[in-house]
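Note sheet for the following structure.
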Amino acid sequence: MKVFVKNGTIVSETGQYQGDLCIENGVISQIGTHLEPASEEEAQVIDAAGKYVLPGGVDVHTHMDLLAGSSRAVDDFYDGTVAAACGGTTSIVDHMAFGPAGCPLHHQLNEYHGLADHKAVIDYGFHGTCQHVNEEILNELEDMMKDGVPSVKVYLTYDFKIDDDGVLQVLKKMKQLGGVTAFHCENHAVVQFLRGKLVSEGNTAPIYHAKSRPNLAEAEAVRRVLYLAKLAGDAPVYIVHLSCKESLEAVKEARAEGQKNIFVETCTQYLVLTEERYLDEDGLKYIMSPPLRTKEDCEALWKGIAEGEIQAVATDHCPFNYGKEKQLGKDDFTKCPNGAPGVEERMILLFSEGVMTGKISLEKLVEIACTQPSRIYGLYPKKGCLQPGADGDLLILDPSKEWVLTHSHMHSAVDYTAYEGMKIRGSIELVMQRGNIIVKDNHFLGKQGNGHFIFRKPLSLCE
Ligand code: URP
Ligand code: ZN
Ligand code: ZN
């Protein structure tokens, strides 16, 4: 059966045009004008007149079913991918949690296939998680590539942080393999010192979470990683959840000095929310690392997107219930599990807060939320673009609808949205994966287990 999406405004990273597209056996076979099915029986026809047709979103930073200390993120790969689908995201690349101390990379890969393979409703991949560095781990990076995982994440803070010698070794190895190393950048010693000091002085409210992780603690780590990547011969380096202007400055300076292969991600929350939220009664909802910043930082990030300094907007979706897990931090912010939901809100917030306010173009939205993340992490050209040969993953967006974002509209298992009450311009009307309608008018129509594991390619092999 063929599927025709007709009369819509088809948007790519480079332009938009009115036209039709045809999907055959889950793959886009034609894009053009006046495409018609040979007979009524032969095809399903969807009229997208007056609407935008965008590639399905690619969110390359989620944490489904993440086990963090004693708390587990409340979205498993079913609930979390249903939420993603309803928000117009049709592919995720999930950052796997830390495993037992000393475990090989494949320990978590096997674990995650077990968590996702029969549950995900959209297509998914995994990033490796490097929690110690030795000869075996460095060799295993190559096997991870052969298993469709050409990226690995290194944390510069938390329990399994990696020191500079380990960082350098991983960067060199990943460069040699054509893979990408992703970094959570915060200066661990600074954060530990400030947390200890604040708590010992009785400053335990959520706002002190932000005070314990200042902009410069992030920017210092970003600069350090960029220097190490340069030392490793301009090894590909991807900064996850960059949140502040000083970090962006570090990136710009490195690029101005000629350093190549630097990729930058920010997340929706750092564009839209500010640290005043920690002063609210429900400030625990926003405890995440890095923390929310200031309006000035948000503006610098939007500008960074518009000017091409930021390549990807992801979510770091990592939901814990406000009524339960988040309450662990009610007397002490350091006890609150870090993370917030967002996978469902990303695409529409970028449209409403970015495109409709004139901060970014619709083409830029497609670039940062679909095409570039797909390219960087080896999903392209199957994902993140609408062109012949790509998977029939798309969303239809009605720019004329206005609504208020509330938790009742959402599909995640979590008990809140960080964007409660926000006025939204634009609405995702339909989402398709490989030619199948999986969401219509905010109703999920897909099926558990229909998501495929995305066997990703190394950077050098990407077209
Ligand atoms: O607070 C956060 N971001 N939690 C998820 C893990 C991480 O640091 O990405
Ligand atoms: Zn992180
Ligand atoms: Zn994360």
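Model, not experiment: these values are computed from the prediction. Counting starts at 1 for both ligands and their atoms, in listed order.
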Could you check whether any heavy atom of K153 sits closer than 4.0 Å to an atom of ligand 1, since that is the contact criterion I want to use? yes
Point-to-point distance, once rounded to the nearest 0.5 Å, from CG of N261 to CG of D234: 6.0 Å
Can you pull out the closest protein heavy atom to atom 3 (N) of ligand 1? Residue, atom name and distance to 0.1 Å, please. D316 OD2, 2.6 Å
H188 and Y158: aromatic ring centres closer than 6.0 Å? no
State whether Y155 and K161 meet the cation-pi test: NZ (Lys) or CZ (Arg) under 6.0 Å from the six-membered ring centroid, and within 45° of the perpendicular axis. no
So H61 and H95, would you call those rings parallel, tilted or perpendicular, with 30° and 60° as cut-offs? perpendicular
Which atom names give the shortest non-hydrogen contact between P291 and E186, and what distance separates them? CD-OE2, 4.3 Å
Could you check, using the six-membered ring where one of them is a Trp, whether Y278 and F333 have ring centers closer than 6.0 angstrom? no
Could you name the option among H95, R213, H63 that has the heavy atom nearest to atom 9 (O) of ligand 1? H63
Could you walk me through whether T294 and E275 pass the side-chain hydrogen bond (donor to acceptor under 3.5 Å, both in side chains) test, one step at a time? CA-CA 6 Å; T294 64; E275 67 176 7; over 6 Å; no
Considering only protein heavy atoms, which is closest to atom 1 (O) of ligand 1, and at what distance to one decimal place? S289 N, 2.7 Å
Students should be able to answer this: which protein heavy-atom is nearest to atom 4 (N) of ligand 1, and at what distance? N338 O, 3.3 Å
Would you check if the distance from the ring center of H452 to the ring center of Y124 is below 6.0 Å? no
State yes or no: are the ring centers of F126 and H113 separated by less than 6.0 Å? yes
For atom 8 (O) of ligand 1, find the nearest protein heavy atom and state the residue, atom name and distance (0.1 Å precision). Y158 OH, 2.8 Å
One checks the Zn ion (ligand 2) and counts protein N, O or S atoms under 2.8 Å, reaching 2
